[in-house]
Structures are given as C-alpha cells and as structure tokens.
2 protein chains.
Amino acid sequence: MTEHQIGRRERKKAQTRKALSDSAVRLFIERGYDQVSLKDVAEAADVAVSTVFKHFPAGKEALIFDEDADREAALVAAVRERDAGQSILDALRDYLIAQGVERTAHPDFAPFLALVESTPALSDYARRMWRRHEASLAAAIAEETGASADDIASRALAHYAIEALFLVRGDGSSVEAQINTVFDLLRRGWGDLGK
Amino acid sequence: MTEHQIGRRERKKAQTRKALSDSAVRLFIERGYDQVSLKDVAEAADVAVSTVFKHFPAGKEALIFDEDADREAALVAAVRERDAGQSILDALRDYLIAQGVERTAHPDFAPFLALVESTPALSDYARRMWRRHEASLAAAIAEETGASADDIASRALAHYAIEALFLVRGDGSSVEAQINTVFDLLRRGWGDLGK
DNA sequence: CCGCAAAATGCAACCGTTACACATACGGGA
DNA sequence: TCCCGTATGTGTAACGGTTGCATTTTGCGG
C-alpha cells in the first residue's frame, strides 16, 4: 500500500496552486477583477494558461476561493453536533456569527472582502458556494426535527440562515449584532424547531 | 408633436425581437441551453449574430426573459398600495402567490419552467432579476414602517419574501400552500411590520 | 537506470461578448 | 414627391474564458 508521504511532487503542486491563488488575489485587488485576464495571472505565477485550469477547473472566480473544502461538513456538523439543549436555530446562528466575525477580525482580509463585495461575479460565486450546501443543511435539519426530507420549513430555514450572512452590511452595527437581529426575527417563526 | 403611431419600423423591430425570443425558447427546450449557441438562435431567427446583441444586450440568458420591464414597479406597488388594514407581509404574500400561480396555471409554461429549473445559468439569472429589485422593495418597506433606509429587518424581509418564490418545489403541495407555509413562519417574526 | 504516471505545456478551436465600420430601410419634413 | 437623418441590421475582427488533445517534462518507485 502506498503511504502518502508528501514528496517533492505534491509539494510543487501545492506550491504552484498557491502561487496562482496568491497572484490572482494580488492582481485582482490591484487592478480589479475584470481588468485582469487569466493570461495575466498565469504569467504572474509563471505557468501556462492551461495549467490554471488544471488547478482550478471551476474557472476564474475559483482562483481566490480556496477554502471551500469542508464547509458543508462544518455546516451540517454545527446542526448535528450542537450542544445539548441548544436549538438548531441558535446553533446555526452561532456558527454563522463565527464565520462572519472570523473574516472581519483579521484586518488583512479587508481589501479581499472589499474586492468580493464590489465584484458581482465574485459575490455571486460566493453565494453559489454556500447555496451548494443548502440542500445538505436542509436535509440535516429535516432529519433532526423528524420532518420529511423535502419539508419546506426546513428548506426555508436552511436557506434563510445562510442568506443571513449576505444581509449584513458594513455600515451601522457589528456583524454579530446584525445576524442576531435577523435570527431574533427568524426564531419567532422557527423557534420550535430542534427543541 | 410626433404621435407614437406604431409604424412598419417598430413593428418589424418587435417582430425580430419576438422571432429571436421564440427561437431561443424552442431551441433551448429542444436541445438544452448549453447545447444551443447564439449562432444557432440567430440562424433560426434568420438574423445576424450581431443583431441578437442589439436586441438583448444582457446576453444569452435574457433571450427567454422578456417580461422583466415593470416587475419592480409592481413589487413596490404591492406594498405601497396594499388594501387598508392589510399588513405589508400579507400584501407581499398575495402578490407572490399570484406570480407563482400565474405560471403554473398555463400548462404551456411547464416545459419552460422545467428548462429554467434544470439550467443553473437560467435559474441564477432569474434569481438575479428578482434580486435586482430587492433594494427598492426594502426601501419601500422601511419607509412604510418608518424605519431607517438601511434597516436590516426591512432588508431581510424583502430578501426572504422574494426568495420564497424559489423555495417552492413541484413535488408535494401546491404553490399557494407552500408560499403560505413560509409566510406563516415569517409572519411570527415580522408580523408587527406595517400594522 | 529505466519506465510509468503525474504535472505542465502548447496549440487549436469554440463560444459569448464587444466594438466598429458599413449597408439598408423607414419616417418625417421640405 | 424627394431627400436626408437615423434606427435597424450586417459583417468582421478581436478579446477573454473554457475545453480538449497531443506532447513534453519531471518526480517517483522498482
């Protein structure tokens, strides 16, 4: 059996991938997303354009969203492995607040967030990334509450909870306060769910 | 003063536009959205590819969404000119139910709806069309309730109400019943709004 | 050292989109 | 009626994103 010792090979692969992602983020922030071509990114990372698609088959937008891997697992886990006595809704709220705060905490992320929010192609892509996991979350909620798999209340909660992340705006109160406000409203409707 | 008598000119323009839209719908349903190129549509309508962009600068997806014109006005009007004594939320619900039922009523629309729902590019586009009016709706709600223009509860309601349209699924109960279920949940949180 | 497979390359082609210069046909005023 | 301005349509060239493929390079294991 082949032990997965990481050799020069996989190291270089990860290295190339990181060079591409870093170059893309830097160039996008510098010149703006639409003003940077894949050729530019490839040259900045000193690889061929074809290589970009080998590493990021999802396309140009995916270049700067590297951490999508286990979002779905974490999302479902937040519901399934919530503290005893905590409602599904509160577990989701805490998870989403943690997600939202995590970004605004590191001040290095500010230009990155500004880039994503000011580029429709990127914010739409981010939305799609989250929505891809919506069905799994809805299924988890439905199962936890004993509802049928396509229960519309479960699907609505899954959708509305995730979309809460995109409702927060920089102006006004903090991320945590805004998410709390939304979930306070949601709780009145869905409060019964999950104990 | 030039009375806007419709002459041969505008008639031919509308004719070309309709030929394009009809050809697109037919071809997309026949072969699938991704298997039809703009060249195919242009040839089916017997025009040049350039002409397609003269009529539909928004691009390929817009070819089959011709009725976007006054959606925003209708949406805002549903809130602003609601019956006395009716809450904002109920007015929105009634409007959205009417929208949802209108489509499923005509059985001719069935393949069209199936096309949109089975093509990510199209359902995303439909979503974006609605979301484009979300800010106006949120502003109207905020003004009606006396909240500040960027009130997050108003923005959340505007967003969640519109998204209710995309939560309904063909299986299970009727469109009306599903939207009612969602709005019954929302009403517990936002019921105070708008009297 | 050799050969296999992964990684990277270069190339060609397609599609959606934009820009532009050109043709055509309609409409309104002289 | 004629003519001119202009809305509409055409053709072409170019660009960027994307895919496929044939080829070369490179690390890995025997």
Side-chain angles (χ1 to χ4, degrees), chain A residues 1-25 27-28 30-65 119-122 124-125 128, chain B residues 1-25 27-28 31-66 119-122 124-125 128:
Chain A
M1 54 192 78
T2 56
E3 291 303 322
H4 271 293
Q5 301 286 8
I6 48 133
R8 203 187 333 264
R9 199 165 201 155
E10 326 204 2
R11 223 179 310 136
K12 286 212 171 182
K13 183 177 182 180
Q15 187 177 323
T16 305
R17 187 185 178 83
K18 187 172 186 324
L20 279 170
S21 188
D22 290 349
S23 302
V25 171
L27 290 176
F28 291 171
E30 279 178 14
R31 302 186 213 160
Y33 180 77
D34 295 313
Q35 280 65 51
V36 177
S37 75
L38 282 176
K39 188 162 154 283
D40 297 332
V41 177
E43 284 175 358
D46 198 33
V47 295
V49 178
S50 313
T51 308
V52 180
F53 287 94
K54 289 281 164 69
H55 285 271
F56 299 91
K60 191 181 178 186
E61 298 96 343
L63 274 166
I64 66 171
F65 292 110
T119 310
L122 293 179
D124 282 359
Y125 186 82
R128 249 176 283 133
Chain B
M1 54 193 78
T2 57
E3 291 303 320
H4 270 293
Q5 300 285 8
I6 47 133
R8 204 188 329 268
R9 200 167 199 154
E10 324 202 4
R11 222 178 310 138
K12 286 210 172 182
K13 182 178 181 178
Q15 188 177 323
T16 305
R17 187 185 177 84
K18 187 173 187 322
L20 278 170
S21 188
D22 289 350
S23 301
V25 170
L27 290 177
F28 290 172
R31 302 186 213 160
Y33 180 78
D34 295 313
Q35 280 64 51
V36 177
S37 75
L38 282 176
K39 188 161 155 284
D40 297 332
V41 177
E43 284 175 358
D46 197 32
V47 295
V49 178
S50 314
T51 308
V52 179
F53 287 95
K54 288 282 166 68
H55 285 271
F56 300 91
K60 191 180 177 187
E61 299 96 345
L63 274 167
I64 65 170
F65 292 112
D66 238 351
T119 308
L122 293 179
D124 282 357
Y125 185 82
R128 248 177 283 133

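Throughout, protein chains are lettered first and strands after them, A, B, ... in sequence-line order, and every chain is numbered starting at 1.
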Does the side chain of A:K13 reach to within under 4.5 Å of the side chain of A:H55, using non-hydrogen atoms? yes
If the threshold is 4.0 Å, N to carboxylate O, is there a salt bridge linking B:D66 and B:K18? no
Between B:R11 and A:V47, which has a closest nucleotide on DNA chain C that is more 5'? A:V47
Rounded to whole Å, how long is the line connecting atom CZ of A:F28 with atom P of D:dG16? 13 Å
Take atom CD of B:Q15 and atom C1' of D:dA7, then tell me their distance rounded to the nearest Å. 16 Å
Can you tell me how the ring of A:F28 sits relative to the ring of A:Y33, calling it parallel under 30°, perpendicular over 60° and tilted otherwise? perpendicular
If you define the side chain from C-beta out and look only at heavy atoms, does anything of A:V52 sit under 4.5 Å from A:L63? yes
Would you say D:dT8 has OP1 or OP2 under 4.0 Å from some side-chain N or O of B:T51? no
With a 4.0 Å cutoff (strictly under), does any side-chain N or O of A:K12 reach OP1 or OP2 of D:dG27? yes
If you define the side chain from C-beta out and look only at heavy atoms, does anything of B:D124 sit under 4.5 Å from A:D124? no
Reading nucleotides 10-21 of chain C from 5' to 3' and marking B where a protein heavy atom lies under 4.0 Å of the base, S where only the sugar-phosphate is that close, and - otherwise, the string is BB----SBB---
Keeping B:S21 on the side-chain end and B:R17 on the backbone end, is there a donor-acceptor pair under 3.5 Å? no
Would you find a donor on one side and an acceptor on the other, under 3.5 Å apart, between the side chain of A:S37 and the backbone of A:D40? yes
Can you check whether A:H55 has a side-chain N or O nearer than 4.0 Å to OP1 or OP2 of C:dA8? yes
A:Q35 atom CD is separated from D:dC15 atom P, nearest whole Å, by 16 Å
Between N or O atoms, less than 3.5 Å apart, protein on one side and nucleotides 3-6 of chain D on the other: list the pairs.
| from | atom 1 | to | atom 2 | distance (Å) |
| --- | --- | --- | --- | --- |
| D:dT6 | O2 | B:R9 | NH2 | 3.0 |

Between CD of B:E10 and C1' of C:dG28 the distance, given in whole Å, is 13 Å
Rounded interatomic separation in angstrom, taking NZ from A:K13 and P from C:dA5: 16 Å
Atom-to-atom span, CZ of A:F56 to C1' of C:dA8 - whole angstrom: 15 Å
Set of residues satisfying side chain to side chain donor-acceptor pair (under 3.5 Å) with respect to B:K54, sequence neighbours excluded: none
side-chain contact (heavy atoms from CB on, under 4.5 Å) partner of B:F56, chosen from B:L20, B:T51, B:L38, B:I64: B:L20
